[in-house]
2 protein chains.
Amino acid sequence: MSKRPNTSPGKQLSSSPADELSHIPLLKILSSTDRRRVLQDLTERHYTKRDVIFREGDPTEYFHIVKEGTVKCVKSSPEGKECTLKMLMPGDLFCCDAAAFEGAFHPGTAQPMGDVSILRMNKKSYFDMLRRNPDAAIEVIKHLGTRLNEAQEKAKILALDRTDQRLASLLVDLATKNGVKDPQGIALPMRLTRQDMANMVGTTTETAIRIMSRFKRDRLVSGTATRLIIRDLARLKALASA
Amino acid sequence: MSKRPNTSPGKQLSSSPADELSHIPLLKILSSTDRRRVLQDLTERHYTKRDVIFREGDPTEYFHIVKEGTVKCVKSSPEGKECTLKMLMPGDLFCCDAAAFEGAFHPGTAQPMGDVSILRMNKKSYFDMLRRNPDAAIEVIKHLGTRLNEAQEKAKILALDRTDQRLASLLVDLATKNGVKDPQGIALPMRLTRQDMANMVGTTTETAIRIMSRFKRDRLVSGTATRLIIRDLARLKALASA
DNA sequence: TTCAAAACATGATGCGCGTCATGTTTTTTT
DNA sequence: AAAAAAACATGACGCGCATCATGTTTTGAA
C-alpha cells in the first residue's frame, strides 16, 4: 500500500468507543442513534507541521473538527505578509458555516502547529445532520457566536491598543483558555515562536522579540518557543488594558 | 398614555402584509404557518440618532433584525476610545448567536446612525423558532458565517495594512455592499463623518480627514458626511491592496 | 435666519514601531 | 555529534501616524 505524501489516508471511525469523542461538545448532544450515523460519516486524518489542511482560496468541501493538536488559521496579503487569526484547539469546529454551502472558497489557510488529528465530514452529510438535529444546529450557532465575538474583540484590540498591550492580551488569552498549570506559573501547551506571536498581534518578529525580552526582564514570562511560561498573569492583564 | 423618552413603545405586527417582511431572508424561508406564529412574537420598535438600542455589558434579552435604517455596532476601551465593528443594514440580524442564550452580556453597543426601525423577539421565542425550523437555523448559521468572515477580514486589514489602505478598503466595502448609483459615481446611503470612518479603520479623526482630503484631490471621492460619493472605485480597490 | 455645535481642514512636533543589519543561541535534521 | 536551519537578540535610522493646536466651513437647532 503506497503512502500519500505528508497526509495519512482517511480512516473510518468504525467502532470508536463512545468516550473517544465524548469531549467534543457537538457530538455529545446527538441522540445515541444519530451519533452512530454521524460516526459513519466522519473520517479521521492526520497531519504534520509541514502540511496544510486546506489553502486560502480552495473550494470548501468538508466540515472539520480538531480532535488532537493545534491548528492555526492564517490569512496572507499579496506582498507575502501573514496574519494568524485564530488557534484552534481540540473540540473546536471549523468550516462550520454555511458559507461553505454552495461553491464557496476558504477565506484562510488551515495549518497544523505540530502533529494533529482532524475529524471531517463532507458538506452534504453535515447539513443533513444539522437538519435532522436542531440542537446540533444551535450548538453550531453557539460556537459561531463565540468565534464572532472573539474575532470582533481581536479587531478592537488591533484598532485601539499599542503593540505591547496587544501582545499582553494575546498571552492572557492563551494562558486563560489553553494554559496548563506549572510550578513556575502557567505553561502554554503549544510551540509558539515570537514570529507566531507577531503574526497574531499584527507586528513584526523583531518588535515581538523586543517586547518579549522586556516581559522576560520584568518577570512577566519565562521560557522560549518550546515551553513558554506565563509567570504573572495579573500584571499582564493590567498591562493589556492600561 | 405616557410616552417613554426617546424610544417608541413596542408595537405588535398584528396584520403585517406579507410583503413588508419579504425582503428579510430569514423570515422568507419560514413555512407560511410558522411565519404567522413568528410574526406574533416579533415586535417593532423605533429609535433615533441619540438613542442606544442596547449597551455593551447589558444582559442579552432579545434577538434583533434591522428593518429600516443603519445601526452601528461599537466597542469602547476604558480610556474612552471607540471602535466601530460593523454597520448593520436592513435585513441584517444581530444578537442571533446563542451566546445570548443563558445569562450572557452584550459584547458591544448598538447605536442607530439615524432613524431606524428594529424588529425584535425574546430569546425563548427565538430559540423555539430555530428548533421548530431547522432551515431557519441553517440560515442563521449562514449569516453568522458571513459575519465571522467579515470580522476576520477586518482583523487582517487592521493587522497588515497602512491607514490609507484601510480607509480605501472601507470605502470599497461600503460602496460595493450598500452603495446606490449616482450620476457622479456611487453614493453611500448613510450619513458618514470622517470620525465615523476613523472609528471603523482604527485611526484618529485628523488622520482620516487628511487622507480623505487626499482622496478628494485625487478625484477618488467627493462630497462630505451627508452625501459621500465614491467616484473611482477601481482606483480605490487598487490602492486597498497595493 | 441666526447662532451654536459639529464637521472639516492644516500645520508643527515627537514617539512608536517598521526596516535593515549583524551576531548569538537554540532547535532540528542528517 | 556535527551541520544546517530556525529562533532569539540588539543596535541604528527613518517614516507613519498620534497628538496638540488653531482656524474655517457646514449642519442643524432655536
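To find a chain, count down the sequence lines: A is the first, B the second, and so on, and within it residues start at 1.
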List the steps and the verdict of side chain to side chain donor-acceptor pair (under 3.5 Å) for A:D173 and A:T176.
-> CA-CA 5 Å; A:D173 204 53; A:T176 306; over 6 Å; no
Given DNA chain C, 5'-ward residue of the pair A:T226 and A:R166, judged by closest heavy atom = A:R166
Atom CG in B:L144, atom CG in B:D97: separation rounded to 0.5 Å?
-> 6.0 Å
Take the protein atom CD1 of A:I211 and the nucleotide atom C1' of D:dC8, then report the distance between them rounded to whole Å.
->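 Spelled out: CD1 on A:I211 to C1' on D:dC8 is 15 Å.
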B:E79 has an atom CD; how far is it from atom P of D:dA18, in whole Å?
->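 Those two atoms, CD and P, are 15 Å apart.
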Reckon [X] touches a base, only the sugar-phosphate, or nothing at all at heavy-atom distances under 4.0 Å?
X      : value
A:R191 : sugar-phosphate
B:K216 : sugar-phosphate
B:T205 : nothing
A:K49  : nothing

Distance below 4.0 Å between [X] side-chain N/O and [N] OP1 or OP2:
X      : N      : value
A:R194 : D:dA7  : no
A:T203 : C:dC17 : no
A:T207 : C:dG18 : yes

Side chain of A:I209 only, please: which of D:dT27, D:dC8, D:dC20 is the nearest?
-> D:dC8
Could you tell me how the ring of B:H64 sits relative to the ring of B:F54: parallel (under 30°), tilted (30 to 60°) or perpendicular (over 60°)?
-> tilted
Determine to 10° how strongly the helix from C:dT1-D:dA30 to C:dT30-D:dA1 is bent, judged from the axes of its five-pair ends.
->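 Comparing the axis at each end, I get an angle of 70°.
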Under 3.5 Å side-chain donor-acceptor pair for A:N149 and A:T146 |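 Absent: no donor and acceptor within the cut-off.
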Check whether the side chain of B:R210 and the base of D:dT19 form a donor-acceptor pair under 3.5 Å.
-> yes
